[in-house]
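These notes concern the structure reproduced below.
When reading the values below, keep in mind they use all heavy atoms of this one structure, side chains included, and skip hydrogens, waters and symmetry mates. This structure is a prediction, so every number in the text was calculated from the model and none was measured.
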Amino acid sequence: MRTSPELRRKLISVAAVSAALLTAAPASVAVAQEAAPRPAAVPAAQTEAAPGIQAERLIVGYKSGATEAKSNKAAAADAESKAEKTGEDIDFQRRLGTGAALVELGTHPTRASVADVVAQYKADPQVAYVVPDRLNKPTAVTPNDTEYSKQWDLFESTAGMNVPGAWDTTTGSGVTVAVIDTGYVTHSDLAANIVGGYDFISDTAVSVDGNGRDSNPADPGDWYNDNECGQGIAASGSSWHGTHVAGTIAAATNNGKGVAGIAYGAKISPVRVLGKCGGYDSDIIDAITWASGGTVSGVPANTNVAKVINMSLGGGGACSSATQSAINGAVSRGTSVVVAAGNENQNVSNASPANCNNVISVAATNRAGSRASYSNYGSLVDISAPGGETRTSTANGILSTLNSGTKTPSSENYAYYQGTSMATPHVAGLVALMKSANSALTPAQIESAIKANARALPGTCSGGCGAGLADAAKTVQAVKGGTSTGTTFSSTAAVAIPDNGAAIESPISVTGRSGNAPSALQVGVDITHTYRGDLVIDLVAPDGSTYRLKSAASDSADNVNTTYTVNASSEVANGTWKLRVQDTAAQDTGTLNGWKLTF
């Protein structure tokens with residue numbers, strides 16, 4: 001185990017990156033301030049393996065056909081070969097869950113020596129990518145107070161997320177959410193919903209629990225002294241960050257104490273990747289893989305596979321190929337990945353993993369429904385959710401489960417935090433509600449439905465805050481499909497279809513529904529026609545939006561008597577729906593005999 005001074009030297013070395021490759025980031029769990037934030041103590045490459053980057057470990061992805069992609073012995077031999085060519089120490093450490101190799105460089109390598117090693121790997125035709133093993137940090141900000149208060153973020157009409165309206169449909173039962181974070185410190189308002197997780201921190205200087213990876217994700221505390229995590233970074237007490245995040249998602253509810261979780265019927269699997277001064281990409285990559293049901297060498301199979309991953313963490317720079325590979329793998333296994341946009345008040349394009357593909361990137365709003373002053377923004381933000389802002393009042397933060405220990409665990413308590421770390425579990429909890437309401441939903445469908453059913457921000461946002469403020473009740477109702485299933489509305493009024501003429505329309509009035517139409521709205525059509533290839537058929541929603549059911553084609557068969565399936569989850573169910581039919585060619589006519597909508 002490295003001594004604290006050695007760790008300090010290591011982190012200072014990691015921080016000595018050229019100015020072009022650094023992003024500003026607040027210290028772990030530090031209150032957002034108006035003044036410019038201090039430089040981060042971690043590498044933040046904007047381009048993968050850019051010249052001049054400082055790193056002590058690299059992640060090497062080999063092409064699928066390469067021997068090194070499958071054989072640890074071959075990967076180790078390749079590292080030795082490149083060490084001989086560069087004169088640098090290069091040691092193969094382990095295989096990541098994505099198949100990439102983690103290699104460690106010698107003690108305190110210079111930027112020039114790292115560049116030499118990177119160049120050797122990049123020149124190898126069997127190498128798909130080589131990226132630094134960057135250090136990530138929690139994206140929350142420090143709480144001011146532990147006084148209990150109502151959870152405005154769940155239910156206030158101005159900028160709450162309309163969560164109680166979803167609970168009549170689902171509470172998240174049957175869904176496991178992996179909280180990839182600092183681990184879990186015991187809390188009686190959360191314990192009933194905790195299932196097995198894992199500690200993925202391999203570096204004992206970061207883990208501070210006396211060992212490397214194991215099946216115990218307990219959070220021993222992530223406190224640090226002045227300058228221990230980089231020159232100029234002030235001391236900080238333990239954040240218990242993962243426990244605060246977990247409470248927002250699934251704190252026990254209706255138990256007569258504490259706070260309510262958004263998906264209080266769901267389970268939380270704590271997956272520990274963040275310790276003293278943060279956590280490395282390589283550990284996070286393996287955690288993503290394992291949490292979603294993938295295989296990680298040396299780690300037992302996951303018996304609590306998560307369909308939702310919450311990552312309230314991040315660092316600077318572009319999304320690396322190594323991290324993107326892990327995220328793609330998780331999504332391909334059916335797991336949604338929800339990520340904090342970051343707290344640097346900058347464009348999210350420079351915040352990883354929030355800028356990766358296939359994630360739901362979450363910005364933070366305050367109690368007035370405006371973008372929080374610290375929140376990142378930009379076109380890569382997918383959705384906004386309450387993250388709190390405590391500048392004017394502590395009670396405007398997000399209250400959740402915590403611990404009173406300043407260094408090591410002490411008594412349980414509750415506290416207000418603010419940050420995109422707090423916004424992210426709101427959306428992860430919503431995803432759990434959605435999966436519980438409709439287990440067939442894919443990650444892409446989940447993201448689409450959250451965006452389609454968001455409401456406009458009640459406040460302001462400069463720079464881009466995604467589709468708006470997430471609305472739990474509206475979104476769950478949309479994917480569930482209204483108040484009941486199998487209800488049919490129909491029209492039997494016959495309407496003539498003129499030959500090569502104007503479109504005709506037939507209306508159906510839908511009443512008595514609540515929320516939006518389902519994602520699998522059934523549209524039954526009965527048309528008599530002597531050449532159906534001439535026909536174009538559209539469904540027209542109450543707001544005028546159109547959904548193409550059939551295009552004109554070279555089809556000489558008679559009649560259209562079939563049922564179409566339409567994703568109408570972005571449409572209010574009640575109102576006048578229309579079927580629009582047009583004959584686009586000469587010589588044939590027909591009749592719309594009737595049609596129906598089944599919700």
Hey, does the side chain of [X] reach the backbone of [Y] with a donor-acceptor pair shorter than 3.5 angstrom?
{"X": "D286", "Y": "G97", "value": "yes"}
{"X": "D382", "Y": "S361", "value": "yes"}
{"X": "T420", "Y": "G342", "value": "yes"}
{"X": "W240", "Y": "G405", "value": "yes"}
{"X": "H244", "Y": "A415", "value": "yes"}
{"X": "S238", "Y": "D222", "value": "yes"}
{"X": "Q324", "Y": "N357", "value": "yes"}
{"X": "S404", "Y": "E412", "value": "no"}
{"X": "Y62", "Y": "T67", "value": "no"}
{"X": "Y417", "Y": "H241", "value": "no"}

Show the nearest heavy-atom pair for residues [X] and [Y], with the distance to one decimal.
{"X": "A322", "Y": "V131", "value": "CB-CG2, 3.8 Å"}
{"X": "A364", "Y": "Y374", "value": "CB-OH, 3.7 Å"}
{"X": "A341", "Y": "A351", "value": "O-CB, 3.6 Å"}
{"X": "D281", "Y": "S320", "value": "OD2-OG, 4.5 Å"}
{"X": "V348", "Y": "A354", "value": "CG2-CB, 3.6 Å"}
{"X": "A66", "Y": "Q126", "value": "CB-OE1, 3.3 Å"}

Inset, instruction - With R272 as reference, evaluate D209, D181, D214 under the salt bridge (Lys or Arg N to Asp or Glu O under 4.0 Å) test and give the passing residue. - result: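 Filter result, single survivor: D209.
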Contact between [X] and [Y] at the side-chain level, heavy atoms closer than 4.5 Å - yes or no?
{"X": "Q346", "Y": "N376", "result": "yes"}
{"X": "C356", "Y": "T323", "result": "yes"}
{"X": "V114", "Y": "R111", "result": "no"}
{"X": "Q445", "Y": "N438", "result": "no"}
{"X": "I262", "Y": "T248", "result": "yes"}
{"X": "Y198", "Y": "V296", "result": "no"}
{"X": "N193", "Y": "K267", "result": "yes"}
{"X": "T424", "Y": "M311", "result": "no"}

Spacing of [atom1] belonging to [X] relative to [atom2] belonging to [Y], to within rounding of 0.5 Å:
{"X": "M434", "Y": "E447", "atom1": "CE", "atom2": "CD", "answer": "10.0 Å"}
{"X": "I446", "Y": "L430", "atom1": "CD1", "atom2": "CG", "answer": "9.0 Å"}
{"X": "I288", "Y": "F200", "atom1": "CD1", "atom2": "CZ", "answer": "10.5 Å"}
{"X": "D203", "Y": "K276", "atom1": "CG", "atom2": "NZ", "answer": "12.0 Å"}
{"X": "T243", "Y": "H187", "atom1": "OG1", "atom2": "NE2", "answer": "8.0 Å"}
{"X": "R95", "Y": "T295", "atom1": "CZ", "atom2": "OG1", "answer": "13.5 Å"}

Inset, instruction - I would like to know whether V273 and N136 meet side-chain contact (heavy atoms from CB on, under 4.5 Å); could you show each step before the answer? - result: CA-CA 9 Å; V273 298; N136 296 258; over 6 Å; no
Inset, instruction - Step by step, work out the side-chain hydrogen bond (donor to acceptor under 3.5 Å, both in side chains) result for Q120 and D116. - result: CA-CA 6 Å; Q120 282 295 322; D116 289 343; over 6 Å; no
Inset, instruction - Carefully, step by step, assess V337 and N358 under the rule side-chain contact (heavy atoms from CB on, under 4.5 Å). - result: CA-CA 7 Å; V337 181; N358 277 338; over 6 Å; no
Legend entry - Single hit among P220, S410, P270, P409 for side-chain contact (heavy atoms from CB on, under 4.5 Å) with V185: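 Single side-chain contact (heavy atoms from CB on, under 4.5 Å) partner of V185 among P220, S410, P270, P409: P409.
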May I have the list of side-chain donor-acceptor pairs in residues 171-180 shorter than 3.5 Å, sequence neighbours left out?
none

Inset, instruction - Tell me, with the steps shown, if Y184 and I268 meet side-chain contact (heavy atoms from CB on, under 4.5 Å). - result: CA-CA 10 Å; Y184 165 67; I268 296 291; over 6 Å; no
Inset, instruction - Evaluate the side-chain hydrogen bond (donor to acceptor under 3.5 Å, both in side chains) criterion for residues S436 and T170: first the C-alpha distance (whole Å), next the side-chain angles of each, then the deciding distance (0.1 Å), finally the verdict. - result: CA-CA 7 Å; S436 179; T170 177; 2.9 Å; yes
Inset, instruction - List the steps, then state whether side-chain contact (heavy atoms from CB on, under 4.5 Å) holds for N347 with Y377. - result: CA-CA 5 Å; N347 197 297; Y377 51 83; 4.3 Å; yes
Legend entry - Side-chain ion pair, D283 and R213, N-O less than 4.0 Å: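 Between R213 and D283 there is a salt bridge, with a charged N closer than 4.0 Å to a carboxylate O.
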Legend entry - Polar contact flag, side-chain donor to acceptor under 3.5 angstrom, N355-N350: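 Judged by distance alone, the side chains do not pair up.
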Legend entry - Any donor-acceptor N or O pair under 3.5 Å, side chains D133, S282: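 Their side chains do contain a donor-acceptor pair, which is all the 3.5 Å distance test asks for.
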Legend entry - Crowding at NZ, K70 (>12 non-hydrogen neighbours, <6.0 Å):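 Yes - once you tally the heavy atoms of other residues, nucleotides and ligands closer than 6.0 Å, there are more than 12.
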Inset, instruction - Test side-chain hydrogen bond (donor to acceptor under 3.5 Å, both in side chains) on T182 and D219 and set out the steps. - result: CA-CA 6 Å; T182 64; D219 185 350; 3.0 Å; yes
Would you list the atom pairs, donor with acceptor, under 3.5 Å between side chains in residues 84-91 and any protein atom, with sequence neighbours excluded?
| from | atom 1 | to | atom 2 | distance (Å) |
| --- | --- | --- | --- | --- |
| T86 | OG1 | K82 | O | 2.8 |
| T86 | OG1 | E88 | N | 3.2 |

